[in-house]
A.B. asks: 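What follows is a single structure, and I will ask about it in a moment.
Here, residue 1 is the first one in the sequence, and each next residue gets the next number.
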Amino acid sequence: MRPDSLVMAAAEGSLRKRKIGHVDQSSASPPTPARDPVGSPARLRSGTFWLTRVVLLRALAFIYFVAFLVAFNQNKALIGDQGLLPCRLYLKNVQQYYQGSGGWGAWSSTPTIMWLLDWSNMNFNLDLLALLGLGFSSFVLVTGCANMILMATLWALYMSLVNVGQIWYSFGWESQLLETGFLGIFLCPVWTLSRLPKHTPTSRIVLWGFRWLIFRIMLGAGLIKIRGDKCWLDLTCMNFHYETQPVPNPMAYYLHRSPWWFHHFETLSNHFLELIVPFFLFLGRRMCILHGVLQILFQVVLIISGNLSFLNWLTIVPSLACFDDAALGFLFPSGPRGLKNQVLEMQKKDVQGAQTRPRYGCMVRQVVNISLGILVAWLSVPVVINLLSSRQVMNTSFNPLRIVNTYGAFGSITKERTEVLLQGTASPNASAPDAVWEDYEFKCKPGDPWRRPCLISPYHYRLDWLMWFAAFQTYEHNEWIIHLAGKLLAGDTEALSLLAINPFEGKAPPRWIRGEHYRYRFSLPGGQHAAQGKWWIRKRLGPYFPPLCLQDLKNYFTAREWPLPKPH
């Protein structure tokens with residue numbers, strides 16, 4: 001063949017290769033998924049966290065959505081204008097305490113947007129904050145897109161509710177959500193709303209902030225147990241936990257009757273997961289992923305076995321920071337326009353050494369992330385001291401913004417379950433032998449022995465939980481329960497919205513309300529009481545508070561600046 005023929009053939013071959021290797025720019029066909037040299041779909045490399053951010057933000061948005069939904073449904077009756085503990089009265093007391101500080105003392109001790117709003121209609125303010133939170137969290141949950149402004153707004157809205165929620169918001173998971181949400185702010189770009197903001201890779205400092213959070217949550221929970229109730233050391237705590245936890249679910253009924261060796265195994269497993277597994281975080285990628293898998297499975301088991309609000313769902317969120325894109329890739333479809341393929345393309349460019357000119361915003365972000373790391377380290381000092389202390393306290397915040405907190409759960413286990421039942425009667429004489437007392441039923445806590453335990457997680461009935469605490473205290477320690485009794489005497493619709501059954505529905509409100517103290521225990525599956533349809537067996541212990549009528553409470557309400565409810 002002549003030399004010019006060889007040149008022509010080589011040129012044609014080169015042209016064919018270019019046609020095969022490149023997509024025609026004029027073609028409307030979608031881009032093909034990235035593939036490895038063999039032709040099979042390419043795999044995500046480890047060490048990047050683009051998909052991790054998407055999963056983290058959506059999981060956090062889900063928790064925010066549940067928390068704001070609980071707030072919207074319950075806050076008016078709990079802390080509204082006519083609530084059991086009105087937040088307006090609480091803020092006035094804070095103002096009076098810091099009267100000489102020009103307002104800064106009140107702001108710094110109780111940071112909340114409520115200081116900026118009109119207090120003449122607190123119900124409107126509470127609904128406004130809750131609805132804004134529901135709207136923003138829904139957007140992030142559905143789209144997977146967020147920026148720092150959006151996440152900071154969610155955090156500020158929920159902090160504003162927590163800091164006026166008083167005892168109703170005193171649970172450890174409120175601070176845990178605020179700390180998790182604060183870290184979530186720094187996952188995102190400042191302005192851009194994109195699931196994969198190419199100029200804002202997920203910060204390793206922020207990821208380690210989440211890992212540091214789950215480390216403290218689990219280790220704190222483990223240490224408070226072995227330092228608290230001795231039943232955690234003799235492996236008998238699980239003999240009681242399912243029956244005596246705040247709000248049992250149907251699975252707890254059956255788990256309670258597990259054999260002794262199974263309860264011992266559960267307790268040992270708990271110690272392993274809370275005291276040993278957290279250190280896997282510092283032992284390289286594979287052990288970090290193993291830590292994430294074990295902790296998520298642990299939380300799923302806890303979700304199945306009890307109604308612990310959104311606590312366990314929330315604890316899963318920082319565990320997700322243990323997984324990189326390679327570990328989470330199976331959650332995403334491999335379509336040509338999917339997130340997974342976009343990450344593959346970005347990883348490919350990174351491997352090829354594609355350099356982009358440094359952006360001013362990226363340098364600013366690096367400074368912000370380093371500052372965040374220094375802040376978290378500084379605020380962690382008292383938290384670490386608390387962890388190492390033999391006098392460890394759990395679920396405590398050392399700063400009003402609740403950025404870094406102490407955690408723990410079930411440091412002591414109650415061995416008997418007691419309940420407070422509220423009963424009303426229409427009889428004019430509460431002491432009459434023929435007075436018929438009828439029970440009010442709460443949304444979820446045990447009451448009627450024939451009622452099946454509820455299944456509500458991750459939702460949370462705040463009043464039901466506080467009734468559990470009130471049962472092993474006295475009504476003098478829980479003045480709100482007398483306020484609740486007064487509202488039931490008046491047939492108050494807001495208070496009744498917190499309950500499941502009003503025995504005086506469609507009738508005049510009761511003339512008297514009393515509190516009765518009962519001991520509860522699970523019936524034996526297959527036993528005599530279970531055959532009658534009973535889930536619980538109960539025995540009266542005595543009165544919790546004596547019969548009260550509305551007139552009796554007038555001075556009590558006046559002394560606490562509570563408006564005396566008018567009968568409906």
A.B. asks: Would Y459 and N307 satisfy side-chain hydrogen bond (donor to acceptor under 3.5 Å, both in side chains), going step by step from the backbone distance to the final call?
C.D. replies: CA-CA 8 Å; Y459 197 76; N307 291 304; over 6 Å; no

A.B. asks: Can a donor-acceptor pair be found between the side chains of E419 and Y544 at a distance below 3.5 Å?
C.D. replies: no

A.B. asks: Holding to disulfide bond (SG atoms under 2.5 Å apart), I want the full list of residues that pass it with C444, two or more places apart in sequence or in another chain.
C.D. replies: C454

A.B. asks: Walk me through whether F298 and N312 qualify under side chain to side chain contact (heavy atoms under 4.5 Å, CB included).
C.D. replies: CA-CA 9 Å; F298 182 37; N312 307 118; over 6 Å; no

A.B. asks: Is there a donor-acceptor pair closer than 3.5 Å between any side-chain N or O of N123 and the backbone N or O of D81?
C.D. replies: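 It does hold such a pair.
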
A.B. asks: Does a side-chain N-to-carboxylate-O contact under 4.0 Å join K415 and D229?
C.D. replies: yes

A.B. asks: Just by distance, no angles: are the side chains of S397 and N405 close enough, under 3.5 Å, to form a donor-acceptor pair?
C.D. replies: yes

A.B. asks: Taking atom types as modelled, find out whether R462 and Q74 have a side-chain donor-acceptor pair closer than 3.5 angstrom.
C.D. replies: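 No.
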
A.B. asks: Among F68, W173, F136, find the one that has a ring-ring contact (aromatic ring centres under 6.0 Å, His included) with Y158.
C.D. replies: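 Running ring-ring contact (aromatic ring centres under 6.0 Å, His included) over F68, W173, F136 with Y158 returns exactly one hit, F68.
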
A.B. asks: So which heavy atom on F49 is nearest to which on T202, and how close?
C.D. replies: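 Shortest heavy-atom contact: O-OG1, 2.8 Å.
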
A.B. asks: Measuring centre to centre across the rings, with the benzene-like ring taken for any Trp, is W168 within less than 6.0 Å of W465?
C.D. replies: no

A.B. asks: Looking at K225 and E274, does any basic side-chain N land under 4.0 Å from a carboxylate oxygen?
C.D. replies: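 Yes, charged N to carboxylate O under 4.0 Å.
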
A.B. asks: Examine R560 relative to Y556 and say whether NZ or CZ is less than 6.0 Å from the centre of the six-membered ring and inside a 45° cone about the ring axis.
C.D. replies: yes

A.B. asks: So, the side chain of T48 versus the backbone of W50: is there a donor-acceptor pair under 3.5 Å, distance only?
C.D. replies: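 Answer holds: no.
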
A.B. asks: Do Y407 and E179 have a side chain donor and acceptor closer than 3.5 Å?
C.D. replies: yes

A.B. asks: Is the distance from the ring center of W313 to that of F310 below 6.0 Å?
C.D. replies: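 Not under 6.0 Å, so no.
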
A.B. asks: Given H460 and L308, is the side chain to side chain contact (heavy atoms under 4.5 Å, CB included) satisfied, shown in steps?
C.D. replies: CA-CA 8 Å; H460 178 38; L308 299 176; over 6 Å; no

A.B. asks: Stepwise, does the side chain to side chain contact (heavy atoms under 4.5 Å, CB included) test hold for Y64 with L314?
C.D. replies: CA-CA 9 Å; Y64 267 133; L314 175 60; over 6 Å; no

A.B. asks: Check whether N395 reaches the backbone of G408 with its side chain - one donor and one acceptor, N or O, closer than 3.5 Å.
C.D. replies: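 Yes; at least one donor-acceptor contact below 3.5 Å.
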
A.B. asks: Taking side-chain hydrogen bond (donor to acceptor under 3.5 Å, both in side chains) as the test, write out the residues that go with W468, two or more places apart.
C.D. replies: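 Per chain and number, W468 pairs via side-chain hydrogen bond (donor to acceptor under 3.5 Å, both in side chains) with no residue.
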
A.B. asks: Looking just at side-chain N and O atoms, do S380 and W212 make a donor-acceptor pair shorter than 3.5 Å?
C.D. replies: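 A pair is found: one side chain offers a donor N or O, the other an acceptor, under 3.5 Å apart.
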
A.B. asks: When you measure from the side chain of W191 to the backbone of N147, do you find a donor-acceptor pair of N or O atoms at a distance under 3.5 Å?
C.D. replies: no

A.B. asks: Using a 4.5 Å cut-off on heavy atoms from C-beta on, say whether the side chain of M122 contacts that of N125.
C.D. replies: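 In contact.
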
A.B. asks: When rounded to the nearest 0.5 angstrom, what is the spacing between CG in N163 and CH2 in W107?
C.D. replies: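 One finds 11.0 Å between CG of N163 and CH2 of W107.
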
A.B. asks: T315 and Q176: side-chain donor and acceptor closer than 3.5 Å?
C.D. replies: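 Yes, a side-chain donor-acceptor pair sits under 3.5 Å.
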
A.B. asks: Does any N or O in the side chain of N478 come within less than 3.5 Å of the main-chain N or O of T474, such that one atom is a donor and the other an acceptor?
C.D. replies: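 At least one qualifying donor-acceptor pair exists.
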
A.B. asks: Listing request: all salt bridge (Lys or Arg N to Asp or Glu O under 4.0 Å) pairs with a residue in residues 158-173, at least two apart in sequence or in separate chains.
C.D. replies: none

A.B. asks: Please confirm whether the backbone N or O of F72 pairs with a side-chain atom of K76, one donor and one acceptor, at under 3.5 Å?
C.D. replies: yes

A.B. asks: Taking the six-membered ring for Trp, is the centroid-to-centroid distance between F279 and H291 below 6.0 Å?
C.D. replies: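 For F279 and H291, the ring centres are not under 6.0 Å apart.
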
A.B. asks: Output yes when a side-chain donor or acceptor of H271 lies under 3.5 Å from a complementary backbone atom of W232, and no otherwise.
C.D. replies: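 Yes: the side chain of H271 pairs with the backbone of W232.
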
A.B. asks: When you measure from the side chain of R417 to the backbone of E243, do you find a donor-acceptor pair of N or O atoms at a distance under 3.5 Å?
C.D. replies: yes

A.B. asks: Does the T406 side chain pair with the main chain of T396, one donor and one acceptor, at a distance under 3.5 Å?
C.D. replies: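 Present.
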
A.B. asks: In sequence, state the C-alpha distance, the side-chain angles, and the governing distance for Y242 and N249, and then conclude on side-chain hydrogen bond (donor to acceptor under 3.5 Å, both in side chains).
C.D. replies: CA-CA 9 Å; Y242 293 116; N249 68 7; over 6 Å; no

A.B. asks: Without swapping roles, check the side chain of R211 against the backbone of L281 for a donor-acceptor pair under 3.5 Å.
C.D. replies: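 No, because the side chain of R211 does not come within donor-acceptor range (under 3.5 Å) of the backbone of L281.
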
